[in-house]
Protein chains: 2
Amino acid sequence: MLARVSSTPTFKRLPRAVREQQMLDAAVKVFSRRGFHAASMDEIADDAGISKPMVYAYLGTKEELFVACLHREGTRMMEAIAGAAAPDLPADERLWRGLRAFFGFVGAHRDGWAVLYRQARGEQPFAAELTTMRGRLVEVVAGMLDHALRAKGREVGVTDLEVVAYALVGATESLADWLADHPEADPEKTATRMMNVAWLGADQLLRGVTWHPPAG
Amino acid sequence: MLARVSSTPTFKRLPRAVREQQMLDAAVKVFSRRGFHAASMDEIADDAGISKPMVYAYLGTKEELFVACLHREGTRMMEAIAGAAAPDLPADERLWRGLRAFFGFVGAHRDGWAVLYRQARGEQPFAAELTTMRGRLVEVVAGMLDHALRAKGREVGVTDLEVVAYALVGATESLADWLADHPEADPEKTATRMMNVAWLGADQLLRGVTWHPPAG
DNA sequence: GAGCATACCTACTCGTGCGTAGGGTTACGC
DNA sequence: GCGTAACCCTACGCACGAGTAGGTATGCTC
């Protein structure tokens, strides 16, 4: 058809794997800009330079597409962190490297990851995916704290540790949000600030210092 | 019409103020259970025991209705916190009371507030409302830290303080999420754990201890 | 160069749910 | 007791966007 020739002069058939990545790129972009519901499959397809049925053929439903985005971006992030924080380092060093990798990643994908991530928290179908990912992070952090504690011959309830880890992960996520909203901010510096909050607190906790509510 | 007689035998006309509250109650419930988009105005109207046009007449558009929910619940929460944390107390006491009030509130409104709140983070139109509210909290926390610091004759950059406050607020929000997902958990205990993370960290910071990245 | 799988398209259907038009009924002031 | 304002209803219109039917072209294998 003439229409196609004029709209895409450099039209080329591409292998599935390549097109899928292009679609995912477009999907991340559109989902981030519009939000899950406001995003339309038409726009995504358009942005990917392809027609809608192709998206359905390759990536399935809108929901499945979103999950695919979440999965790809999440995996990339996890790899970035895991690659930076070797498990044989001391706790503070691991924490620092992990944080730096994380904020570096978020900083580099400002409108990608953080916004996608925010979306997922709200809608029920995706919350599970997120919970799993966060769970892995919490586990890692809790494990790190536990390891450091045992090395000092101390023992703390599992739930306590987990909740503390949860709080730290939450604080980190929040700063990631903040970073995504402040394009001028420096990821490295943000990581340092987070480290201040997390480590100085964690350090005290590791020392066995505990705060408890005043009587009454 | 006969239909009405059989469906609502105890039918009564109510003044606007009362009906509005009933509608908001229903809206909070439905939005929480279904999420913003999946929630239908019909269901909300139905749940409030009223017909749809009434909702539009009183509270306006679906978006406006959601904002109204957010606003009412947010105000209630703010009041709960402000009422608990008197500004003339020492910093740790204020923080503790504020946290306890906050987690108490969230615990008492598990499916109300926390879920509503999660929704709002994703959709652009509501993010602004949330940002404002969070901003107020951050301001309070940052002000508290600043006050405590000045009392010790110390000085810290405004941005630093704000980011630290942001991290603390974020951690608290995360634990609130956790609390909402764990019906068996105790709000008081959660507040204590948060206090451990926040205060032991803040205490060190207030002492002038600072962590900085290792060379290289 | 025939056959087949794969890449790709245009042009629909159809459910869903927001928002409204247009009209009825009860209370309340005077 | 009569007007008027506030309360409340049963329908509908209508747009929007997910997902599909059905068909075309291109490259790859043998």
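Lettering follows sequence order; numbering is per chain, from 1.
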Distance-only criterion, 3.5 Å: show the donor-acceptor pairs between side-chain atoms of residues 169-178 of chain A and protein atoms not counting sequence neighbours.
from   : atom 1 : to     : atom 2 : distance (Å)
A:T172 : OG1    : A:L168 : O      : 2.8
A:E173 : OE1    : A:R134 : NH1    : 2.8
A:E173 : OE2    : A:Y117 : OH     : 2.5
A:E173 : OE2    : A:R134 : NH1    : 2.9
A:D177 : OD2    : A:R118 : NH1    : 3.3
A:D177 : OD2    : B:R121 : NH2    : 2.6
A:W178 : NE1    : A:H182 : NE2    : 3.2

Could you tell me how far apart [X] ([atom1]) and [N] ([atom2]) are, to the nearest whole angstrom?
| X | N | atom1 | atom2 | answer |
| --- | --- | --- | --- | --- |
| A:Y56 | C:dC9 | OH | C1' | 16 Å |
| B:E20 | D:dC8 | CD | P | 11 Å |
| B:D46 | D:dT10 | CG | P | 10 Å |
| A:H37 | D:dG17 | NE2 | P | 13 Å |

Please report, to 0.1 Å, the donor-acceptor pairs under 3.5 Å made by any side chain of residues 82-96 of chain A, with sequence neighbours excluded.
from  : atom 1 : to    : atom 2 : distance (Å)
A:E93 : OE2    : A:R97 : NE     : 3.2
A:E93 : OE2    : A:R97 : NH2    : 3.3

Of all pairs that satisfy side chain to side chain donor-acceptor pair (under 3.5 Å), the ones with a partner from residues 137-146 of chain A, not counting sequence neighbours: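 Residue pairs passing side chain to side chain donor-acceptor pair (under 3.5 Å), neighbours aside: A:D146-A:R150.
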
N/O-N/O pairs, protein side and nucleotides 4-7 of chain D side, under 3.5 Å:
from  : atom 1 : to    : atom 2 : distance (Å)
D:dC7 : OP1    : B:R16 : N      : 3.2
D:dC7 : OP2    : B:Y58 : OH     : 3.4
D:dC7 : O5'    : B:Y58 : OH     : 3.2
D:dC7 : O4'    : B:R13 : NH2    : 3.4
D:dC7 : N1     : B:R13 : NH2    : 3.4
D:dC7 : O2     : B:R13 : NH2    : 2.3

query: Which nucleotide in the list C:dT10, C:dG17, D:dA18 gets nearest to the side chain of A:M41?
result: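 Nearest listed nucleotide: D:dA18.
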
Select base, sugar-phosphate, or nothing to describe what [X] touches, counting heavy atoms under 4.0 Å on all strands.
| X | answer |
| --- | --- |
| B:S51 | base |
| B:A38 | nothing |
| B:A39 | sugar-phosphate |

Can you sort out the partners of [X] under side-chain contact (heavy atoms from CB on, under 4.5 Å), two or more places apart, ordered by chain and number?
| X | result |
| --- | --- |
| B:E129 | B:V67, B:L70, B:H71 |
| B:A165 | B:V138, B:V141, B:A142 |
| A:R76 | A:Q21, A:R72, A:E73, A:F105 |
| B:D42 | B:S40, B:K52 |

field: Listed once per pair and sorted, the ring pair (Phe, Tyr, Trp, His ring centres under 6.0 Å) pairs that draw on residues 32-52 of chain A, sequence neighbours left out
entry: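 Of all non-adjacent pairs touching residues 32-52 of chain A, those that pass ring pair (Phe, Tyr, Trp, His ring centres under 6.0 Å) are A:F31-A:F36, A:F36-A:F66, A:F36-A:F126, A:H37-B:H37.
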
statement: Between its two end axes (five pairs each) the helix from C:dG1-D:dC30 to C:dC30-D:dG1 turns, nearest 10 degrees, through 10°

- prompt: Is A:Q119 reaching over with its side chain to a backbone N or O of A:R34, donor-acceptor style, under 3.5 angstrom?
  reply: no

- prompt: If only atom types and distance count, is the side chain of B:R110 paired as donor or acceptor with the main-chain N or O of B:L179 below 3.5 Å?
  reply: yes

- prompt: Say you draw a straight line from CG of B:L65 to CG of B:L24; how long is it, rounded to the nearest 0.5 Å?
  reply: 6.5 Å

task: Quick one: pull up NZ in A:K29 and CD1 in A:I44 and give me the separation to the nearest 0.5 Å.
output: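 Rounded to the nearest 0.5 Å, the NZ-CD1 separation comes out at 11.5 Å.
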
field: Contacting residues from residues 59-67 of chain A, given that a heavy atom lies under 4.0 angstrom of DNA chain D
entry: A:T61, A:K62

task: With the side chain counted from C-beta on, respond yes when A:I50 and A:M23 share a heavy-atom pair under 4.5 Å apart, and no when they do not.
output: yes

Between protein and nucleic acid, restricted to nucleotides 12-16 of chain C and to nitrogen or oxygen atoms under 3.5 Å apart, what atom pairs and distances do you find?
none

